[in-house]
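Written below as structure tokens is the structure these notes are about.
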Amino acid sequence: MADFTSRTFEKLLQSFMKAGYAFQTVESFMDGPKKGMVAILRHDVDRLPENAFDVAQMESRYGIHASFYFRMVKPAYDEAVIKKTAALGHEIGYHYENLSRFSGRYELAIQDFEKNLGKLRRFYPVRTVCMHGSPLCGFDNRKIWNRYDYRDYGIIAEPYFDVDFNSVFYLSDTGRSWNHFSASFRDKVDSTFDIPVKSSNDLMDKIQNRELPNKVMINTHPQRWSDCPVRWGTELVVQSVKNVAKRVVLRF
């Protein structure tokens, strides 16, 4: 089975369900983790919001609610998609990148953060935010919170700060593979878990064989997952080029 197709993602959801995992959004997990086995389902919408809505519809058919973090730039921001995604019962969050957009100018960055948060809150009462890695930019967007406090804006959590990744196993498809940290500039966490995942099929095998912890956060980027050959191939080529660029930046 080809990896990073919509069908593969659906199989992945089914694997978690068959293994007995319950799904939670980031917001609901922070309000109170469910007992037992939990998969926190998070999607970073970097671009192609129509792909994100396809994922939202698929999850809704299974009664799953997930967290969708939208960038506020043209490749990702689509008010119709955001509204429809929220209507399905999913959480909407802000995938912020204000410090990189304003080249480290903190005052302009926090003003932009507050403005964009207000725009998103027209569709959903946003309570969690998550940084966009901006991998080829010299500014780490999380550092905006060295000067400001997101709780002052009604935000209860930023996963990179507020989730204990020593008790929650973090899985990310950054780099178009699972936990490919050599091609990930900022989408990585400090954790005691060391569970290599070679592919989505390998991940499903590990789920079936009970090789994962009881608490897992899965972070996917919906533009990577498609049954359309053109979109699938384009993403493969684009991501391969980006991975090379990121490895160069990480090295030097």
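Just so it is clear, the structure is predicted and the values come from calculations on it, not from any experiment.
- No side-chain donor-acceptor contact under 3.5 Å links Gln111 and Tyr106.
- Residues Tyr69 and Val45 form no side-chain contact, since every pair of their non-hydrogen atoms from C-beta on lies 4.5 Å or further apart.
- Checked by atom type and distance alone, the side chain of Ser28 never pairs as donor or acceptor with a backbone atom of Gln24 at under 3.5 Å.
- In terms of modelled atom types and a separation under 3.5 Å, the side chain of Thr25 and the main chain of His65 share no donor-acceptor contact.
- Looking at Asp173 and Thr220, their side chains never bring a donor and an acceptor atom within 3.5 Å of each other.
- In Asp152, the CG atom is crowded: over 12 heavy atoms of neighbouring residues, nucleotides or ligands sit closer than 6.0 Å.
- The line from CG of Asp164 to OG1 of Thr192 is 8.5 Å long, rounded to the nearest 0.5 Å.
- Between the side chain of Asp3 and the backbone N or O of Ser199 there is no donor-acceptor pair closer than 3.5 Å.
- A heavy-atom distance below 4.5 Å is found between the side chains of Val163 and Met217.
- For the residue pair Trp178/Ser172, the side-chain donor-acceptor check at 3.5 Å is not satisfied.
- The distance from the CG atom of Leu48 to the CD atom of Gln223 is 6.0 Å, given to the nearest 0.5 Å.
- Of the possible donor and acceptor atoms, one in the side chain of Arg71 sits under 3.5 Å from a partner among the backbone N and O of Asp46.
- In this structure, Arg121 contributes its side chain and Val126 its backbone to a donor-acceptor pair below 3.5 Å.
- A tilted orientation is assigned to the rings of His43 and Phe68, their planes being inclined by 30° to 60°.
- Counting only distance, with no hydrogens or angles, the side chain of Asn209 and the backbone of Glu211 share no donor-acceptor pair below 3.5 Å.
- Among residues two or more places apart in sequence or in another chain, the ring pair (Phe, Tyr, Trp, His ring centres under 6.0 Å) test is passed with Tyr153 by Phe113.
- No donor-acceptor pair closer than 3.5 Å links the side chain of Ser60 to the backbone N or O of Ala56.
- At a threshold of 4.0 Å, the pair Arg151-Asp162 counts as salt-bridged, since one of the basic side-chain nitrogens sits closer than that to a carboxylate oxygen.
- Using the six-membered ring where Trp is involved, Phe193 and Phe169 have ring planes that are perpendicular, over 60° apart on the 30 and 60° scheme.
- Between the CD atom of Glu97 and the CE atom of Met131 there is a distance of 11.0 Å, given to the nearest 0.5 Å.
- Here NE2 of His90 is found 8.5 Å from CD of Gln57. Values are rounded to the nearest 0.5 Å.
- One finds the NZ atom of Lys206 at 8.0 Å from the CG atom of Leu212 (value rounded to the nearest 0.5 Å).
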message: Please evaluate residues Asp112 and Arg101 with respect to the criterion salt bridge (Lys or Arg N to Asp or Glu O under 4.0 Å), reporting the C-alpha separation (whole Å), side-chain torsions for both, the decisive distance (0.1 Å), and the verdict.
response: CA-CA 9 Å; Asp112 189 55; Arg101 288 189 67 194; 3.5 Å; yes

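- A donor atom on one side chain and an acceptor atom on the other are not found under 3.5 Å apart for Tyr96 and Asn116.
- A distance of 12.5 Å separates CH2 of Trp145 from CG of Asp140, quoted to the nearest 0.5 Å.
- Taking a cutoff of 4.0 Å between a charged side-chain nitrogen and a carboxylate oxygen, Glu79 and Arg122 qualify as a salt bridge.
- Using modelled atom types, no side-chain atom of His221 and backbone atom of Asp44 make a donor-acceptor pair closer than 3.5 Å.
- For Glu91, the side-chain hydrogen bond (donor to acceptor under 3.5 Å, both in side chains) partners at least two apart in sequence or on another chain are Ser67, Thr128.
- Side chain of Lys215 to backbone of Gly36: a donor-acceptor contact under 3.5 angstrom is found.
- Note: Phe70 and His95 fail the aromatic proximity criterion, with ring centroids not under 6.0 Å apart.
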